[in-house]
There are 2 protein chains.
Amino acid sequence: MSELDKELIIAARIKEARRLSGLSQGQVAKMLEMHRPTISEIEAGNRRVSAGELMRFAEIFDVSVAYLAGESPDKINPSDPKLQLAARELSKLSPDALNSLMRALAVFRKDDDENSSGGGNEQT
Amino acid sequence: MSELDKELIIAARIKEARRLSGLSQGQVAKMLEMHRPTISEIEAGNRRVSAGELMRFAEIFDVSVAYLAGESPDKINPSDPKLQLAARELSKLSPDALNSLMRALAVFRKDDDENSSGGGNEQT
DNA sequence: CAGCTACGTAAGATTATCTTACCACTCGGT
DNA sequence: ACCGAGTGGTAAGATAATCTTACGTAGCTG
């Protein structure tokens, strides 16, 4: 895999993680003390991110750098990065909302079991 | 921790990993198709490494990017036991279902989070 | 429609990186 | 001691990337 490919994957992961975090480019830009167009270009793959920037992205999205880097599964953290994002979202819900969600999840899980698709994240 | 600190840590880790791999700067430079002074500057912390470069370093040193980044092993340890329970449920979902749920959660949060830093996007 | 937010993109100013070159240091062999 | 090869640090001009500001579009709301 070429380095350009890696950068493009990272760009896509950043965009995905930002969206799943419910943050706008402008909010991210402010958090990272960057200009909004910079975020736009990064996500478009037109601008590279430094390693330090990658870590900052991982911080504000609360995911591992390995996830943003699209590293192979056997090297990354035990928990699914998407779960990290999910947990972050969950922590913002009220207890009541969380309980409701838990019940809803039970239904989801039942549907899922019948199709039997085992976990993991989709790697490229 | 500032971003400069992160970059310096990464620089030190790269230097350490290279030495432990028994490679010279020249060898690394050749493998990564860089010039030797570039490696020298990177290890000195005078030159930043892009995210893609970081992954290439991790490859040739056979270490994880998390190691080069000095990342702590498990990032997600919610104190709330309810979150742990929820995370267990989430882990049983298919990736698609999880994605759908995440988008739904983002909408939820937007509804009861409307007041926070939503404004002030564009420049002065 | 008017106003707002989000996002993409262009262009000149600014800054970082690249490339070549030169320097000092170390180590074995002669 | 001298030499040659190997390693690593650094300087300087040319080159390339990024930053910063500004403008344009699209969606959504009252």
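Letters A, B, ... are given to chains in the order of the sequence lines, protein chains preceding strands, and every chain is numbered from 1. In this text, all values refer to a predicted model and were calculated from it rather than measured experimentally.
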On a heavy-atom basis, which atom in [X] and which in [Y] lie closest, and how many Å separate them?
X        : Y        : answer
Ala17(B) : Leu68(B) : CB-CD2, 4.0 Å
Ala58(A) : Val65(A) : CB-CG1, 3.7 Å
Ala29(B) : Ile39(B) : CB-CG1, 3.8 Å

query = For the side chain of Thr38(B) and the backbone of Met34(B), is there at least one donor-acceptor N/O pair under 3.5 Å apart?
reply = no
ask   = Heavy atom of residues 6-21 of chain B under 4.0 Å from DNA chain D: which residues?
value = Lys15(B), Arg18(B)
task = May I ask you to list the residues of residues 32-43 of chain B, by number, that have any heavy atom positioned under 4.0 Å from an atom of DNA chain D?
result = Arg36(B), Pro37(B), Ser40(B), Glu41(B)
request  = Tell me, with the steps shown, if Lys6(B) and Glu59(A) meet side-chain contact (heavy atoms from CB on, under 4.5 Å).
outcome  = CA-CA 12 Å; Lys6(B) 292 183 194 306; Glu59(A) 259 182 16; 2.8 Å; yes
Leu23(B) and Phe61(B), any side-chain heavy atoms less than 4.5 Å apart = yes
ask   = Does the side chain of Gln25(B) get closer than 4.0 angstrom to OP1 or OP2 of dG9(D) through an N or O atom?
value = yes
Axis bend over the full length of the helix from dC1(C)-dG30(D) to dT30(C)-dA1(D), computed from five pairs that close each end, to 10 degrees = 30°
ask   = Given the rule in the side-chain contact (heavy atoms from CB on, under 4.5 Å) test, do Val28(A) and Arg36(A) qualify, once you have shown the distances and angles that lead to the verdict?
value = CA-CA 8 Å; Val28(A) 170; Arg36(A) 188 192 49 76; over 6 Å; no
task = Determine which pairs satisfy ring-ring contact (aromatic ring centres under 6.0 Å, His included) with at least one residue from residues 8-40 of chain B, sequence neighbours left out, and list them in order.
result = none
In whole angstroms, how far is the [atom2] atom of [N] from the [atom1] atom of [X]?
X        : N       : atom1 : atom2 : answer
Arg48(A) : dT17(C) : CZ    : C1'   : 9 Å
Asn46(B) : dT17(C) : CG    : C1'   : 12 Å
Arg47(A) : dG8(C)  : CZ    : P     : 13 Å
Glu53(A) : dT18(D) : CD    : C1'   : 10 Å
Leu4(B)  : dA16(C) : CG    : C1'   : 15 Å

message = I'd like to know if Met31(A) and Phe57(A) are part of one continuous hydrophobic network [Ile/Leu/Val/Met/Phe/Trp/Tyr, side-chain heavy atoms within less than 4.5 Å].
response = yes
inquiry  = Test: salt bridge (Lys or Arg N to Asp or Glu O under 4.0 Å). Region: residues 11-31 of chain B. Which pairs qualify, not counting sequence neighbours?
reply    = Arg18(B)-Glu43(B)
remark   = Those residues at least two apart in sequence (or on a different chain) that pass side chain to side chain contact (heavy atoms under 4.5 Å, CB included) with Ser50(A) are Glu53(A), Glu3(B), Glu7(B), Arg48(B)
